[in-house]
Amino acid sequence: MIRAIFHHPSGRIGGGIVLVYLVLAGLGALGLTPHDPLMQYRLDRLHPPGAAYWLGTDLFGRDIASRLMVGIGQSFFVAFLSVAAAASVGTVLGLTAAWVGRLWDGVVMRSMDVLLAFPAILLALLIVAIMGPGTWTSVLAIAFVYMPIFTRVVRGPALSLKTREFVDAARTFGSSTRYILTRHLLLNIVAPLTVQVTLALAWALLTEAGLSFLGLGTQPPAPSLGLMLSDSRNLMETAPWLMIAPGVTIMIGILGFNLLGDALRDILDPKTRGGRA
Amino acid sequence: MNLLTRRLATFPLVLIGVSSLVFFAIRLVPGDAITAMLGTEAGLLTDAQRAALQAYFGLDKPWIVQYGHWFWGLLRGDMGISVTYGKPVLTVILQRFPLTLELALLSMVIALLIGVPAGVFAATRNERAADLAVRIGAMIGQSTPSFVFGLLIIYVLSAGFGVLPVMGTFTPIWQDPLANLGQLILPAITLGAAFAASVTRIARSAMLDVLGEDYVRTARSRGAPARTVIWRHALPNALIPVVTLSGIEFGYLLGGAVIVEQIFALPGLGRMVLDAILQRDYALVQGAVLFVAFNFMIVNLLVDLAYFWLDPRIRAGGQ
Amino acid sequence: MTLLSVSGLHVGFGRDPKAGEVVRGVSFDLAAGQTLAIVGESGSGKSVTALSLNRLVDFGGGTITEGSIRLTRADGDVLEVTQADEAAMTRVRGAEIGMIFQEPMTSLNPVLTVGAQMEEAFRLHRGLAGAAARAAAKDALDRVRIPDVARRLGDYPHQLSGGMLQRVMIASVLACNPRLLIADEPTTALDVTVQAQIMALLGELKQETGMAMIFITHDIGLVAGIADRVMVMQDGRAVEQGALAEVLDHPQHDYTRHLLHAVPHFANGRAARQDGPRAGGAAAAPVLTVQDLVVRFPVKRRMFARAKGEIHAVERVSFDLVPGETLGIVGESGSGKSTAARAILGLVRSRGTLALPGADTRAGASQRPVQMVFQNPYASLNPRLTVESLLAEPVIATGHGIDDAVRARMAQLLARVDLPTNCLGRYPHEFSGGQRQRLCIARALMLNPSVVVLDEAVSALDVSVQARVLELLVDLQREFGLAYLFISHDMAVVERIAHRIAVVHAGQIVEIGDAAAVLSAPRHSYTRRLISAVPNIDRRHVRFTLDTSTVGSLLRPPGYEPPMADWVQVGPDHRARAEDTA
């Protein structure tokens with residue numbers, strides 16, 4: 001599997017990016033950053049990129065590179081946690097809706113329709129309104145936004161698998177529902193689910209950055225990519241590195257997951273052509 | 001029973017679900033509604049005054065009764081009064097909505113005009129250099145958040161050309177179409193870029209699938225030239241996923257242009273919701289969220305209509 | 001006059017077409033007005049050869065690596081197809097070489113009307129437009145005997161049946177009077193009676209127009225009625241070619257002989273099995289008795305509304321089965337034969353009595369005496385489970401653990417169905433279609449059943465694989481005393497394995513009895529029609545009569561009970577429904 005990813009051209013790039021980001025985030029979490037991300041070097045405010053500060057400093061003299069490393073960790077934390085929550089709840093809902101059918105299917109899918117009727121950012125804003133801004137708000141908001149998507153992604157294939165002959169065969173043997181659900185349905189959905197999880201991670205990173213850009217996610221002074229970008233707006237002309245560094249960091253991170261997701265789709269599901277880039 | 005009647009049948013159901021979700025979600029906001037409404041002044045109220053106010057707004061009744069009142073008001077177009085603007089919620093929303101609608105439409109036009117031809121072109125050059133270039137472009141476009149792209153545009157314009165986009169004020173299209181377009185074109189390109197990238201990708205993969213279908217082979221065996229095969233036989237069949245995606249994206253743009261409106265300082269619906277949340281104007285938040293969700297459902301209905309028009313099998317009531 | 005001359009054709013796929021060769025050196029000549037049949041199994045390269053003739057193979061990722069294809073055009077010029085550019089080929093396709101395909105259902109564009117697609121052919125090659133094109137399309141549909149043409153032109157493909165669509169395909173190809181028609185398995189996806197109609201139509205049109213035809217099929221029995229010359233292909237090579245009678249009567253190559261003799265061909269009951277347990281008169285007690293089996297599917301008009309009617313999918317089906325016996329259930333698609341099988345396994349709701357007397361008298365009898373083998377060996381095995389897990393599932397379902405005894409049985413059954421016993425760790429995709437079906441059979445036998453329901457169990461397999469699986473089934477039946485319920489649309493296959501036959505039409509059994517008796521002296525009109533439609537090597541250039549009757553709707557008002565049928569006893573073990581008997 002790992003080898004297949006690294007044989008795929010976009011898998012190699014995407015996997016590489018994600019790996020590098022994970023290492024950076026890990027170093028950031030362990031405090032192994034070039035400088036203290038919260039330390040204000042008053043004398044070196046708005047220092048351009050160079051040997052001392054690789055990516056320069058911000059208005060308060062804080063080291064951008066170090067803040068980016070911690071920010072990546074923050075973004076990944078929110079993205080992984082929210083996607084994990086969305087994927088597990090969505091999978092259970094989609095699987096049971098497909099299998100039980102009838103009323104339960106109707107209730108689950110109409111509820112998902114209700115959630116899907118809210119544009120992602122708006123649903124997030126609503127949750128922010130209830131819980132107030134913060135990291136956990138982002139997690140919950142993103143999880144809520146992606147749960148219906150996972151429910152649909154699981155329900156569709158589960159419905160078609162349900163009518164496949166090997167499920168009929170299992171029923172003629174008298175296999176238990178649990179056995180059929182786990183080994184015949186879920187096991188065959190793992191591939192599309194993996195692809196969807198990877199792509200959802202890309203979107204989650206984007207939504208997290210967007211929320212913190214609006215000041216609704218991670219709160220200062222903790223570093224966050226969106227906030228750094230938002231703060232750069234007024235200093236754009238004097239200190240463009242303030243904008244370029246977090247902007248490019250966000251973009252490449254999302255690109256990494258998108259490339260990895262496409263590669264996984266090619267590898268795990270050779271039937272769906274295209275969509276690669 | 002066909003798709004359309006099924007959608008129409010569940011429409012009210014989803015609407016009730018959406019409205020109750022919004023209503024009860026707002027009731028989950030910590031602190032009581034009177035404090036939320038009056039802010040710090042609420043501290044000056046006596047207990048009796050507070051109770052009288054609660055009775056006046058019906059806040060002493062059970063939630064379900066309050067919901068009934070609110071829903072009945074909704075049906076008559078009454079969404080309550082915005083505290084910050086001192087005007088009915090619906091009036092405030094309708095003032096802001098034209099800008100957002102225009103922005104969304106403009107971005108969609110840009111996205112489809114770029115995305116569909118690019119996707120079709122890439123599919124017909126499958127695995128060749130031109131295809132690769134389109135795919136790389138689309139991948140980068142899809143991975144660039146609108147706020148990064150928007151800031152880049154502003155930066156390039158101001159640093160490179162010394163121009164700053166007009167911000168702050170907004171000219172409606174019926175006053176000065178040219179000035180209006182000048183204000184909206186950059187935000188629309190910002191939003192349209194990522195949208196175009198998604199359209200390109202989905203159009204390409206749908207076209208690739210369709211080009212492998214038996215009926216395309218049949219058309220070729222009949223001697224149809226490449227042009228006819230692509231535009232007459234393949235494209236109409238590849239449009240369904242493009243329409244689905246466009247519907248979802250358009251719906252998101254109607255409410256999700258928050259960030260771009262913020263960057264370009266446009267007084268649209270998204271920015272209004274953001275301000276309303278920051279200023280705890282819950283009647284407005286409630287009304288606006290419901291309004292956007294309602295629009296989104298209308299867009300979904302239009303998408304279904306498009307399926308209906310595109311595919312005779314759906315018209316006949318398959319699935 | 002030679003119309004088409006192919007020599008040393010090599011076609012490959014993929015980045016390195018030389019390495020991925022599918023056609024490896026095919027040569028033949030085709031005279032104007034002549035019909036060449038290309039016969040071969042899947043992977044023999046017969047379809048790729050055909051697609052190379054008009055270079056459609058380019059669009060499927062194929063490349064002609066070697067050889068020449070010379071086509072004599074209408075104006076007398078000779079075109080070297082392998083060197084021609086795309087613009088030249090566009091002018092050839094449709095105008096000079098027409099083509100029809102295997103799946104009529106997917107070969108027409110679903111979003112365009114039948115009329116629009118017909119008119120396109122006239123517009124492209126004859127420059128007709130508007131009303132003239134419409135009139136020409138109408139004429140063309142008349143030529144292929146489509147009833148109610150005016151309405152059909154406005155229909156979309158999904159509104160027509162497979163047989164009708166194949167006629168539309170033929171009509172749109174004939175539009176430009178091509179001098180060569182390539183028919184790539186044009187009847188494989190169709191029911192046998194529809195197949196006979198399409199074959200008859202092709203034969204007639206060939207006479208009418210004098211066009212040449214290349215007819216591609218996997219069924220050597222089908223070529224006798226239509227071909228002048230036959231070419232047999234195997235592994236990308238033409239192993240034998242010659243005049244029809246020459247190839248069929250004096251085959252030179254082993255593979256041709258194998259196709260002619262080892263593969264099941266219909267023989268009007270002469271090939272029926274004679275080892276039936278009822279033969280001596282004193283049969284054992286039945287192991288399965290089905291009495292008045294009824295399956296109905298409610299049809300709803302609107303959500304929440306009451307059912308507007310019921311589809312009578314299976315109507316009062318009764319039969320019994322004794323140990324060691326095979327009952328063949330034959331019928332066309334939609335006849336309800338598979339639904340009946342699923343009802344017996346409890347996969348669909350049904351009414352009627354199912355009795356399994358005597359099922360538990362044998363030693364070590366099973367808790368689940370009825371097992372099933374499905375049609376598609378690719379769909380009936382979970383692709384994510386190993387062979388061991390697949391074989392273990394029935395045992396786990398009964399609540400047993402996997403112990404040494406179970407493992408021993410797995411090994412024994414795998415050996416018995418000729419699969420390597422060391423394949424327990426492998427996944428289904430590592431096996432061929434025939435091997436997978438053997439695996440399914442082994443799995444069905446894990447619980448030592450007394451009855452095995454085989455639902456089109458060999459239909460998805462290549463003809464020579466079919467023959468071997470049928471042999472295996474017969475051997476297993478003798479060894480374990482199994483009773484088979486063998487459901488199939490293929491009369492030739494049923495003839496090889498069944499002791500008794502039940503003919504199903506519109507959800508009901510119309511004729512049942514001893515296989516040889518039913519097949520050699522059919523009594524019910526439907527059975528006769530079915531049997532006369534089966535292709536036969538001995539029936540050379542016999543003209544089929546056109547028959548446009550179709551099965552009526554099975555939708556009945558709610559609560560409707562059809563009247564009891566009267567039966568005629570034809571022979572000692574041969575009964576037919578009284579209506580429509582002769």
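A note on names: the letters A, B, ... follow the listed sequences, proteins ahead of strands, and every chain is numbered from 1.
- Looking at C:Ala175, neither its backbone nor its side chain comes within 4.5 Å of chain B, counting heavy atoms on both sides.
- The distance from the CZ atom of B:Arg232 to the CG atom of C:Asn109 is 8.5 Å, given to the nearest 0.5 Å.
- Neither the backbone nor the side chain of C:Ile182 comes within less than 4.5 Å of any heavy atom in chain B.
- Heavy-atom minimum distance, B:Ser221 versus C:Asn54: CB-ND2, 4.5 Å.
- Annotation: cation-pi pair B:Arg313/C:Tyr156 absent, no NZ/CZ under 6.0 Å from the ring centroid and within 45° of its normal.
- Between B:Asn237 and C:Val111, the shortest heavy-atom distance links the atoms OD1-CG1, 3.4 Å.
- For C:Leu108, the parts lying near chain B are the backbone and the side chain together; criterion is any non-hydrogen pair under 4.5 Å.
- Between B:Thr218 and C:Ser107, the shortest heavy-atom distance links the atoms OG1-O, 2.7 Å.
- Atom CZ of B:Arg227 and atom OG1 of C:Thr90 lie 10.0 Å apart (nearest 0.5 Å).
- The choice from C:Thr113, C:Ile97, C:Thr106 that makes the most heavy-atom pairs within less than 4.5 Å of chain B is C:Thr106.
- For a residue to count as touching a neighbouring chain, one of its non-hydrogen atoms must lie under 4.5 Å from one of that chain's; by this rule B:Ala226 does not touch chain C.
- When all heavy atoms of C:Pro110 and B:Pro312 are compared, the pair lying nearest together is O-CG, 3.0 Å.
- B:Asp214 CG to C:Phe101 CZ: the interatomic distance, rounded to the nearest 0.5 Å, is 7.5 Å.
- In this structure, chain B has no heavy atom under 4.5 Å from any part of C:Met105.
- Distance CZ/C:Phe59 to CZ/B:Arg217: 12.5 Å, rounded to 0.5 Å.
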Apply side chain to side chain donor-acceptor pair (under 3.5 Å) to the pair B:His233 and C:Gln117, showing each step before the final yes or no.
-> CA-CA 10 Å; B:His233 288 276; C:Gln117 296 182 65; 5.2 Å; no
With side-chain contact (heavy atoms from CB on, under 4.5 Å) as the test, would you mind laying out the steps for B:Arg222 and C:Met99 before giving the verdict?
-> CA-CA 8 Å; B:Arg222 208 181 273 149; C:Met99 190 157 184; over 6 Å; no
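- Environment of CH2 in B:Trp309: sparse, with no more than 12 heavy atoms of neighbouring residues, nucleotides or ligands closer than 6.0 Å.
- Using a 4.5 Å cut-off between heavy atoms, C:Arg55 makes no contact with chain B at all.
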